Every structure is written in structure tokens, then in C-alpha cells.
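Worksheet: the structure to be examined is printed underneath.
The figures here come from the full heavy-atom set of this structure, side chains too, leaving out hydrogens, waters and symmetry mates. Note that the structure is predicted; figures quoted are calculated from it, not measured. The first residue of the sequence shown is numbered 1, and numbering continues consecutively from there.
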Amino acid sequence: MAQVSKGNFAVIKGNKADANADFLRSGYVQAGFPDVGKSTADIKIVGETYTDNWDPANAQKEMEQILTANNNKVDAVLSENDGMAGGVVAALAARASRARFRSRARTATPPP
């Protein structure tokens with residue numbers, strides 16, 4: 001499966017009160033990803049949100065809202081931790097928005 005480098009992107013950030021959420025987001029910018037509120041010719045940010053308590057259930061709800069607002073047209077999602085990525089995957093799977101998708105973890109949250 002090819003890496004997605006163009007299209008509609010969503011960003012699921014961590015808890016707003018935690019400086020790590022913005023620190024991680026700044027790393028995306030340093031790697032060439034558009035800054036908050038901006039897009040490029042190749043990447044359109046169609047949703048970006050903080051996630052209370054870095055909670056996977058909250059991340060799932062936020063991803064569902066982003067999918068609804070964009071008629072399920074989201075090509076890639078950046079999630080700031082693997083637990084929240086699980087919530088994102090659950091939202092994508094429930095919508096069947098992609099026949100196949102890839103998930104990569106950034107942190108090492110132990111499973112429940």
C-alpha cells in the first residue's frame with residue numbers, strides 16, 4: 001500500500017492543556033506538513049482538533065465528526081498517539097471510508 005502524500009488530511013492532536021500536543025504538531029511543520037489553519041497545493045487540512053485527555057473514545061468521536069463534515073473524503077490522518085489512532089481506525093472502519101488503510105503508531109501506549 002502506497003504512502004499518502006496528497007489529498008485531504010485530518011489531524012487528531014492530544015490534550016490542549018498538554019504542551020506535548022503542540023510540540024508534536026510543530027514537528028509535523030518541521031517535516032514539511034502545513035501549519036495550523038493552512039494547506040498546500042498537495043495537502044488540504046480538512047479537520048484538526050485537540051483531544052481531551054488523549055482519550056481514544058474522544059478521538060473516535062472527533063474523527064467521526066471530521067468524516068461527516070467532509071462526506072467521508074479524508075485520505076490520511078495524523079494522530080499524535082497510538083491510543084487515539086485506535087479511535088481513528090474505529091471511526092474509519094465503522095464508515096468503511098476506505099477498503100484498506102494503514103495505521104502506524106508513534107508512541108507505545110500499552111493495550112487495555
Side-chain angles (χ1 to χ4, degrees):
M1 188 178 307
Q3 178 178 337
V4 177
S5 59
K6 295 181 180 181
N8 293 337
F9 281 60
V11 182
I12 306 296
K13 299 185 287 192
N15 192 47
K16 187 173 186 170
D18 185 337
N20 288 305
D22 290 324
F23 174 73
L24 292 170
R25 181 61 173 90
S26 70
Y28 298 162
V29 174
Q30 290 175 3
F33 193 77
D35 206 347
V36 176
K38 298 185 178 177
S39 294
T40 67
D42 291 334
I43 297 172
K44 180 178 180 186
I45 300 174
V46 296
E48 182 162 351
T49 185
Y50 288 100
T51 305
D52 288 342
N53 301 317
W54 302 75
D55 184 275
N58 290 338
Q60 180 176 349
K61 290 175 195 168
E62 291 157 354
M63 190 65 224
E64 289 167 350
Q65 291 170 354
I66 291 169
L67 288 166
T68 297
N70 292 283
N71 199 28
N72 292 337
K73 293 179 181 168
V74 176
D75 299 302
V77 182
L78 292 125
S79 174
E80 290 188 345
N81 88 0
D82 53 351
M84 293 187 318
V88 168
V89 168
L92 292 170
R95 298 284 181 107
S97 59
R98 296 283 183 261
R100 299 181 331 163
F101 51 87
R102 179 188 333 193
S103 173
R104 290 189 177 170
R106 187 190 176 307
T107 59
T109 303

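- Legend: salt bridge (Lys or Arg N to Asp or Glu O under 4.0 Å) pairs involving residues 38-53, not counting sequence neighbours, sorted by first then second residue: Lys13-Glu48, Arg25-Glu48.
- Here the side chains of Val74 and Met63 are in contact, with some heavy-atom distance below 4.5 Å.
- A distance-only check finds no donor-acceptor pair linking the side chain of Asp75 to the backbone of Gly7 [under 3.5 Å].
- Checked by atom type, the side-chain pair Asp22/Tyr50 shows a donor-acceptor distance below 3.5 Å.
- Atom CD1 of Ile43 and atom OG of Ser5 lie 7.0 Å apart (nearest 0.5 Å).
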Side-chain donor-acceptor distances from residues 64-71 under 3.5 Å, at least two apart:
from  : atom 1 : to    : atom 2 : distance (Å)
Glu64 : OE2    : Gln60 : NE2    : 3.2
Thr68 : OG1    : Glu64 : O      : 3.0
Thr68 : OG1    : Arg95 : NH1    : 3.3
Thr68 : OG1    : Arg95 : NH2    : 2.7
Asn70 : ND2    : Val46 : O      : 3.3
Asn70 : ND2    : Ile66 : O      : 2.8

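- Evaluated for a side-chain contact (heavy atoms from CB on, under 4.5 Å) with Thr51, the options Asn81, Ile12, Asp18 yield exactly one hit, Ile12.
- Rounded to the nearest 0.5 Å, atoms CG (Leu78) and OH (Tyr28) are 5.0 Å apart.
- Using a 4.5 Å heavy-atom cutoff, the side chains of Trp54 and Asn20 are in contact.
- Remark: Asn53 CG to Lys16 NZ distance equals 14.5 Å, nearest 0.5 Å.
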Run the side-chain contact (heavy atoms from CB on, under 4.5 Å) check on Asp55 and Met84 step by step: do they pass?
-> CA-CA 6 Å; Asp55 184 275; Met84 293 187 318; over 6 Å; no
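- Minimum interatomic distance between Ala85 and Ser79 (heavy atoms only, all atoms of both residues): N-OG, 3.2 Å.
- A distance-only check finds no donor-acceptor pair linking the side chain of Thr49 to the backbone of Glu62 [under 3.5 Å].
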